[in-house]
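Heads up: the structure comes next, in structure tokens.
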Amino acid sequence: MAVHNADIAAIFEKIADLLEIEDANPFRVRAYRNAARLVQGLTHDLKAMVEAGEDLTELPGIGEDLAKKIIEMVTTGHCSFLEKLEKQTPPALTELLKVPGLGPKRVKALWHELDVETVPQLARAAREGRIRTIPGFAEKTEARILEALQAQLAAVPRFQLAIAAQYAASLVRYLEGVPEVRRVVVAGSFRRGKDTVGDLDVLATATAASPVMARFITYDEVAEVLSQGPTRATVILRAKLQVDLRVVADASYGAALHYFTGSKSHNIAIRRLGQAMGLKINEYGVFRGKERIAGETEESVYAAVGLPYIEPELRENRGEIEAARAGRLPHLVELGDLRGDLHAHSKASDGHHTWREMATAAKARGFEYLAVTEHSRHLTVAHGLDPMRLRRQMDEIDALNAELEGITLLKGIEVDILVDGSLDLPDAVLRDLDLVVGAVHSHFDLPRDKQTARILKAMDSPHFTILAHPSGRLIGSREPMDVDMPRIIRQARSRGCFLEVNAQPERLDLQDIYAQMAKEEGVLLAISSDAHRIQDFDNLRFGMQQARRGWLEKKDVLNTRSLPELRHLIAGTMGR
DNA sequence: GCCGTTTTCGGCCCGACTGTTTTCAGTCG
């Protein structure tokens with residue numbers, strides 16, 4: 001049975017939940033949670049590592065015991081320790097932990113006092129007024145549980161980064177207008193550029209006299225105030241997006257920004273470093289005894305523990321602290337490094353602007369080149385091009401290039417990868433293009449081996465240049481295809497072709513850890529807008545953040561190259 | 001359960017807010 005890293009992470013989380021309900025040593029619980037997070041973010045397959053005989057205890061947070069459990073899981077497909085725990089403690093209890101307001105202590109009390117083991121049982125107990133009879137619970141708690149269960153029914157998924165960005169922008173403008181407010185910044189997973197955010201963590205610096213907190217909870221988009229104190233408040237916007245506001249004095253800006261940006265795991269690691277140096281780090285600053293020695297800027301916080309500044313996108317405790325200590329932090333690629341865009345559409349297929357308009361907009365962003373990559377004929381809903389229309393477009397592009405100054409349109413196609421792995425257009429026409437972007441747009445649910453083989457075969461085409469949106473996921477609506485991504489990455493290396501980080505907010509595909517894996521394998525990535533209208537070039541900022549989360553540097557990105565360099569690199573893949 | 005320019009044992013990040021417990025535990029981030 002195939003055991004993936006995600007399966008192992010899920011089992012460690014489950015063990016941590018059950019141990020916590022059993023009131024186990026909290027540090028033991030944390031060890032399992034740390035391990036789960038580590039495994040989730042690993043760029044290497046644990047099964048492959050075990051098969052290769054690698055020493056898992058080299059991984060930070062994995063000791064003898066957890067290594068043994070991982071080996072058991074990848075070789076037998078199950079975890080005997082979890083099975084033992086599930087005999088002692090009903091496994092469904094871990095579902096109760098997901099109800100906001102219920103932690104391990106309360107879940108245990110509900111189980112012992114009322115025999116509540118499942119969410120439906122919890123709902124019934126709340127409706128029947130039995131919860132208030134448990135010591136430590138009262139009517140208000142019971143009411144909140146009922147409310148939370150109702151809210152869970154109308155489950156709010158995480159928000160796409162780009163959507164959260166819209167709510168963030170107007171809230172920030174509003175708060176900046178409040179008297180005595182100095183700075184407002186959105187921290188949290190938003191600042192780290194995660195593909196989705198669960199809530200917005202907003203930091204403001206203000207004087208004690210500022211009415212910022214009162215203004216915040218009366219913001220006209222606020223639907224509900226969950227909690228409110230002098231320095232912190234939590235609200236739900238009408239859009240169902242939760243927003244936490246934290247207010248500190250301006251002198252604490254850096255420490256608070258660091259604390260509020262997270263990730264939690266990164267913060268813990270930094271605080272431990274501080275602790276080892278006799279320092280205490282909190283959101284107000286870095287302290288030696290009572291004396292504050294840093295905290296006005298994030299740089300000062302890192303400097304206090306002997307580290308250089310670490311970019312927010314790297315702060316996942318996936319090796320960035322070790323890299324910082326060793327002076328090996330990547331110099332992350334930036335939006336300004338892009339010299340062009342290698343995936344875009346026009347009215348000719350399913351876009352909304354002409355190539356003249358697209359080229360003008362691209363040039364205005366400082367781009368030297370823009371690839372013309374319409375859909376191919378198989379994608380009829382998108383008015384995909386057949387060979388004849390493509391030939392005609394190639395002539396039009398030649399004519400347009402003769403007119404345009406300061407930008408070059410590259411002749412390309414986003415060709416469908418058919419279910420058997422063949423490409424939707426004949427070699428005779430593909431060979432005359434500057435580049436061929438291949439993409440899957442159908443049959444997303446093939447079994448893993450077939451799906452992988454299909455894509456590998458497509459990449460075998462001598463004209464194949466870039467694999468677009470490699471996982472095929474649509475955030476919130478379509479899961480990634482079940483494919484062997486490490487194998488696809490190795491195929492890209494051996495064929496000398498490239499993978500895409502698609503910047504459309506619902507795609508952001510490749511995902512960060514695979515982008516990092518590609519970098520480690522020496523495969524260049526294209527950060528592409530997949531623009532269907534001129535405004536879509538703005539999405540590149542989200543693709544850029546995803547790429548930065550994958551530790552990509554300028555040298556790792558195909559479209560940071562000048563046009564001659566780009567042509568040279570592509571020539572290595574075309575016409576073999 | 002992990003880990004060591006404090007340590008192979010004894011530590012393990014830190015603070016805000018809520019509700020209910022009259023002084024703090026539980027939860028959350």
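Side-chain atoms of A:Arg478 come within 3.5 Å of backbone N or O of A:Gly472 as a donor-acceptor pair.
Atom pair A:Lys280:NZ and B:dC13:P shows a separation of 14 Å (rounding to whole Å applied). One atom, CG of A:Leu18, and another, P of B:dG1, lie 14 Å apart when rounded to the nearest Å. Distance, A:Arg30 CZ to B:dC13 P: 4 Å, rounded to whole Å.
For A:Lys105, whose side chain is taken as the heavy atoms from C-beta onward, the closest listed nucleotide among B:dT27, B:dC17, B:dG1 is B:dT27. Considering only the side chain of A:Arg246, B:dA16 comes nearest among B:dC13, B:dA16, B:dG1. Of the candidate nucleotides B:dC12, B:dC2, B:dG29, B:dC2 has the atom lying nearest to any side-chain atom of A:Leu66. Here the side chain of A:Asp65 is nearest to one of B:dC2, B:dT20, B:dC13, namely B:dC2. Proximity note for A:Ala31 (side chain, C-beta onward) versus B:dT20, B:dC17, B:dC2: the nearest is B:dC2. Closest to the side chain of A:Ile268, from the set B:dG15, B:dC13, B:dG1, is B:dC13. Relative to the side chain of A:Asn282, the nucleotides B:dT18, B:dA16, B:dC14 differ in distance, and B:dC14 lies closest. Listed candidates were B:dG1, B:dG29, B:dA16. Nearest to the side chain of A:Asp201 is B:dG29.
Partner A:Thr94 forms a side-chain contact (heavy atoms from CB on, under 4.5 Å) with one of A:Glu86, A:Glu13, A:Lys14, A:Glu20 and no other, that one being A:Lys14.
Distances shorter than 4.0 Å separate some side-chain N or O of A:Thr231 from OP1 or OP2 on B:dC17. Side-chain N/O atoms of A:Arg28 include one lying less than 4.0 angstrom from OP1 or OP2 on B:dG1. Between A:Tyr259 and B:dA16, a side-chain N or O to OP1/OP2 separation shorter than 4.0 Å is absent. Between B:dG1 and A:Lys68, no contact under 4.0 Å exists linking OP1 or OP2 to a side-chain N or O. The phosphate of B:dC14 (OP1 or OP2) has a side-chain N or O of A:Gln275 nearer than 4.0 angstrom. Between A:Gln228 and B:dC17 there is no side-chain N or O to OP1 or OP2 distance below 4.0 Å. Residue A:Thr141 has a polar side-chain atom (N or O) positioned under 4.0 Å from OP1 or OP2 of B:dT20.
With C1' as the reference atom, B:dT7 and B:dC2 are 13 Å apart, rounded to whole Å. With C1' as the reference atom, B:dC17 and B:dT23 are 16 Å apart, rounded to whole Å. B:dT27 and B:dG10 have their C1' atoms separated by 27 Å, given to the nearest Å. Spacing between B:dG11 and B:dT20 at atom P, rounded to whole Å, works out to 36 Å. The separation of B:dT5 from B:dG1, taken at their P atoms, amounts to 23 Å, rounded to a whole angstrom. Separating the C1' atom of B:dC9 from that of B:dA16 is a span of 33 Å, rounded to the nearest Å.
Nearest-nucleotide assignment on DNA chain B puts the 5′-proximal partner with A:Leu279, out of A:Met213 and A:Leu279. DNA chain B is contacted by both A:Gln242 and A:Pro60; A:Pro60 maps to the nucleotide lying nearer its 5′ end (nearest heavy atom per residue).
Annotation for A:Glu64: atom CD does not count as buried by contact number, only 12 or fewer foreign heavy atoms lying within 6.0 Å. The local environment of CD in A:Glu479 is sparse, with at most 12 non-hydrogen atoms from other residues, nucleotides or ligands closer than 6.0 Å.
Residue A:Asn25 places a side-chain atom within donor-acceptor reach of the base of B:dG1, judged by atom type and a 3.5 Å distance cut-off alone.
Note on A:Ile281: only backbone sugar-phosphate atoms sit closer than 4.0 angstrom, heavy atoms only; bases stay farther off.
The partner of B:dA16, taking Watson-Crick or G-U wobble pairs whose two distances both stay under 3.5 Å, is B:dT27.
Classified by interplanar angle (parallel below 30°, tilted 30° to 60°, perpendicular above 60°), the ring pair A:Tyr219/A:Tyr174 is tilted.
By the 6.0 Å and 45° rule, A:Arg182 does not stack over the aromatic ring of A:Tyr253.
The pair A:Glu72-A:Lys69 fails the salt-bridge criterion, with no side-chain N (NZ, NE, NH1 or NH2) lying under 4.0 Å from an Asp/Glu carboxylate O.
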